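Order of the sequence lines fixes the chain letters, A, B, ..., with proteins taken first and strands second; residue numbering starts at 1 for each chain. Given the structure is predicted, the values throughout are model-derived calculations rather than measurements.
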Number of protein chains: 2
Amino acid sequence: MDAETPVRRRRTRIQTEKRELILNAALDVFSQHGFRGATIDQIAEAAGMSKPNLLYYFRSKEAMFTTLIERLLQTWLAPLRELDDIGDPIGELRSYIRRKLEMARDYPRESRLFANEILQGAPRIQHLIEGELKPLVDEKAALIKGWMKAGKIARTDPWHLIFSIWATTQHYADFDVQVRAVLGPDRGGDGRFEDAARYLEQLFLEGLRPKA
Amino acid sequence: MDAETPVRRRRTRIQTEKRELILNAALDVFSQHGFRGATIDQIAEAAGMSKPNLLYYFRSKEAMFTTLIERLLQTWLAPLRELDDIGDPIGELRSYIRRKLEMARDYPRESRLFANEILQGAPRIQHLIEGELKPLVDEKAALIKGWMKAGKIARTDPWHLIFSIWATTQHYADFDVQVRAVLGPDRGGDGRFEDAARYLEQLFLEGLRPKA
DNA sequence: CGCATTTTTGACCGATTGGACAAACGTTAG
DNA sequence: CTAACGTTTGTCCAATCGGTCAAAAATGCG
């Protein structure tokens, strides 16, 4: 434990602050260039400190990355964890979609960092996907399956349902450049997330077939 | 023109073959590591030739990448180009979704290469997105809007509709590692694309609301 | 064959990379 | 003050990067 801390003792106030500063800068750089594309110098400049100083707080580039992505995965999965059997199923799914879309809007760097890692085969987080993400998805898939059996939502594949929610919402963070370019300056402005929210709600609830 | 060709004259048979060989190897490496993460040595090894030899056929790493991605974009947009007013709208959309999913299955490297480039802000293909992709999407969005006005499909946002088709289908190529890990060895086998096809058809046509 | 052209390679280059290290600096407690 | 500890930096290093170049090898052609 505390493998990436420069000292063995408890962290000082400065250490806590500087580590946060560095992680924020690292998130900027990693999410834009990927792990290999990012350089320690870039992160150091973004954090406003020298390279050796940065390596005083994190023993290596890899230590920054893993600290960042392990923390990220927790906040990333939080909305799915909140999916439960309390409200009505349709409402639960609707608010899960809404929360995921809000995360794409508010935390695009985190989304891109995660996407980048998965794209490259998840070499650094495979154990987290199999040990943490998969069990959670399986659990929620069972929950959704129950809703289907109870006739609360249409019968379909719950795993692919979850995939489609991830895909459609994270698309607005990961492919933001493309989305904005295609929508153009008017329709691609700040309102694009409200438009997306409206569209996705209709898609997931009603589909595209016209009502008789 | 012919900017990346080593010679000004017509291409020899060997040049044509070796260039294809190199591009295939480059697609492997670029799609896995991104532009900056990929090295010429890696590509050379994957192609089974020496680095200087590779640079005899392509004047630079960038030349390989742009050749690759410009060619890729054409095949990538082909299914959307085929979307037209001939058949019935629902059938047109259904087969567009199916074709895109088949492309994710058969050309995952191309999908990841494209995703990687967009993720990093599309620094090398912004002009293609604005000059080629956007007009095409606008044209097809108008077509879809016509279908809505004619009552053939439900009224919604045609641009976001296209985004959601891209997102859901390409997800199976770009996030393949995650998909397979979550589905597990049984459900994540070769059948996952058929499962996805069935699920997506239902999602886009009927949505999740149970039928009364 | 002999010659010109195309193809391939080993050696090399300057720039950049992640990281090490000791010295210097700052801060605080006694 | 000073000793101890935490922080910062300039300098340096080996490895790797994209790319060059001259020379060798292979090929095509009369």
Next on the checklist: What is the distance, to the nearest angstrom, from the CZ atom on A:F58 to the P atom on D:dT7?
Outcome noted: 13 Å
Checklist entry - With B:D157, which residues qualify under salt bridge (Lys or Arg N to Asp or Glu O under 4.0 Å), at least two apart? => result A:R187
Next on the checklist: Please tell me if B:N53 has a side-chain N or O lying less than 4.0 Å from either OP1 or OP2 of C:dT7.
Outcome noted: no
Next on the checklist: Enumerate the salt bridge (charged side-chain N to carboxylate O under 4.0 Å, His left out) contacts for residues 66-77 of chain B, please, sequence neighbours excluded, ordered by first and then second residue.
Outcome noted: B:E20-B:R71
Checklist entry - Looking only at side-chain N and O atoms, does A:Y57 come under 4.0 Å of OP1 or OP2 in D:dT8? => result yes
Item to check | Minimum heavy-atom distance B:R105-B:P108, with the two atoms named | outcome: O-CD, 3.6 Å
Next on the checklist: Would A:R94 pass as a cation-pi partner of A:F204, given that its NZ or CZ must be under 6.0 Å from the six-membered ring centre and within 45 degrees of the axis?
Outcome noted: no
Next on the checklist: Please tell me if B:Q15 has a side-chain N or O lying less than 4.0 Å from either OP1 or OP2 of C:dT6.
Outcome noted: no
Name the atoms and distances for all side-chain donor-acceptor pairs under 3.5 Å in residues 115-122 of chain A, with sequence neighbours left out.
{"residue": "A:N116", "atom": "OD1", "partner": "A:Q120", "partner atom": "NE2", "Å": "3.1"}
{"residue": "A:E117", "atom": "OE2", "partner": "A:R124", "partner atom": "N", "Å": "2.8"}

Checklist entry - Can you check the A:M49 CE to D:dG6 C1' distance for me, whole Å? => result 14 Å
Next on the checklist: I need the full list of salt bridge (charged side-chain N to carboxylate O under 4.0 Å, His left out) pairs touching residues 32-48 of chain A, with sequence neighbours left out, sorted by first then second residue.
Outcome noted: A:D41-A:K51
Checklist outcome for this item: Closest non-hydrogen contact found for A:I43 with A:A25 is O-CB, 3.8 Å
Checklist entry - Atom CG of A:L54 to atom P of D:dT7: distance rounded to whole Å? => result 14 Å
Checklist outcome for this item: Note: A:P135 and A:G131 closest approach over all heavy atoms is CG-O, 3.6 Å
Checklist outcome for this item: Nucleotide by nucleotide, nucleotides 10-29 of chain C touches protein heavy atoms under 4.0 Å in the pattern (B base, S sugar-phosphate only, - none) BB-----SBBBB--------
Item to check | Of residues 23-33 of chain A, the positions that come close to DNA chain C - non-hydrogen atoms, cut-off under 4.0 Å | outcome: none
Item to check | Residue-phosphate contact under 4.0 Å: A:Y56 side-chain N/O, D:dT8 OP1/OP2 | outcome: no
